[in-house]
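As structure tokens, the structure follows; a few thoughts come after it.
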Amino acid sequence: QVQLVESGGGLVQAGGSRRLSCAASGRSFSGYAMGWFRQAPGKEREFVAVISWSGTSTLYTDSAKGRFTISRDNAKNTVYLQMNSLKPEDTAVYYCVAGRTLDTIVVFSTTSVDYWGQGTQVTVSS
């Protein structure tokens, strides 16, 4: 059974940092990009960041560029999202995802996703 288990969510003050982790299990994720989506209350789920299997290709939504960094450790089947300079508008449930892609990622949407995690809440207070 494939599982993506997120951790690291919680309450943080505006301007602070948070590191999300996602541990994948249940199959080989060789060739799979891994990334993050988020969904704020009353809004649609949106793409945040993704990293290719090799780690050489990353893609970020504009609002995350310069503040968030995605990385992965294939030996641990784990992907990370380091979030700095957090803003109240970053408040959302963050979902870990995995999907097969080419190693150079130019686009990544919900249709690219094969597996979803259950989500972890990040709340940024002003």
Side-chain angles (χ1 to χ4, degrees):
Q1 180 182 358
V2 173
Q3 281 191 312
L4 302 179
V5 180
E6 303 97 336
S7 60
L11 177 64
V12 60
Q13 288 190 331
S17 298
R18 203 78 184 180
R19 188 197 197 202
L20 304 183
S21 300
C22 170
S25 63
R27 64 157 297 148
S28 168
F29 284 89
S30 175
Y32 277 77
M34 295 187 73
W36 298 87
F37 282 71
R38 68 185 179 186
Q39 188 166 21
K43 295 188 177 181
E44 292 189 354
R45 196 168 294 189
E46 66 171 352
F47 166 76
V48 178
V50 65
I51 186 168
S52 64
W53 161 251
S54 68
T56 59
S57 179
T58 58
L59 199 63
Y60 296 89
T61 189
D62 285 346
S63 63
K65 289 178 183 176
R67 299 189 301 126
F68 294 4
T69 302
I70 190 168
S71 61
R72 68 187 293 166
D73 183 340
N74 289 338
K76 296 180 179 179
N77 272 350
T78 300
V79 64
Y80 306 96
L81 186 68
Q82 177 66 45
M83 304 184 293
N84 299 328
S85 302
L86 283 162
K87 305 174 182 180
E89 51 263 44
D90 293 317
T91 294
V93 177
Y94 284 71
Y95 296 91
C96 177
V97 299
R100 287 195 66 91
T101 66
L102 297 176
D103 201 56
T104 300
I105 303 173
V106 295
V107 64
F108 197 83
S109 68
T110 54
T111 60
S112 307
V113 176
D114 295 309
Y115 302 105
W116 292 85
Q118 291 299 306
T120 185
Q121 175 72 45
V122 174
T123 302
V124 184
S125 63
S126 58

[X] versus [Y], closest heavy-atom pair with distance:
X      : Y      : result
Ser17  : Val12  : O-CG2, 3.7 Å
Ile105 : Ala33  : CD1-CB, 3.9 Å
Arg38  : Ser63  : NH2-OG, 3.3 Å
Arg100 : Asp114 : N-OD2, 3.1 Å

Just checking, is any N or O donor in the side chain of [X] or [Y] under 3.5 Å from an acceptor N or O on the other one?
X      : Y      : answer
Tyr32  : Arg27  : yes
Thr123 : Gln121 : yes
Thr56  : Ser54  : yes

Does any part of the side chain of [Y], heavy atoms only, come nearer than 4.5 Å to the side chain of [X], both counted from C-beta?
X      : Y      : value
Phe47  : Ser112 : no
Trp116 : Thr110 : yes
Val122 : Met83  : yes
Phe108 : Thr101 : yes
Tyr94  : Phe37  : no
Met34  : Leu4   : yes
Arg45  : Tyr95  : yes

What do you reckon, is CD of Gln118 surrounded by more than 12 foreign heavy atoms closer than 6.0 Å? no
Does CG in Leu11 sit with more than 12 non-hydrogen atoms of other residues, nucleotides or ligands closer than 6.0 Å? yes
As an exercise, state the distance from OG of Ser52 to CG of Asp103, rounded to the nearest 0.5 Å. 4.0 Å
Test of understanding: clusters of I, L, V, M, F, W, Y form through side-chain heavy atoms closer than 4.5 Å, transitively. Do [X] and [Y] belong to the same one?
X     : Y     : value
Phe68 : Val79 : yes
Val50 : Val97 : yes
Leu81 : Trp53 : no

Any idea how Tyr115 and Phe29 line up, ring-wise: parallel (<30°), tilted (30 to 60°), or perpendicular (>60°)? perpendicular
Taking Arg18 for the side chain and Gly8 for the main chain, is one N or O donor matched with an acceptor at less than 3.5 Å? yes
So, Arg67 and Asp90, do they make that salt bridge, N to O below 4.0 Å?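 Between Asp90 and Arg67 there is a salt bridge, with a charged N closer than 4.0 Å to a carboxylate O.
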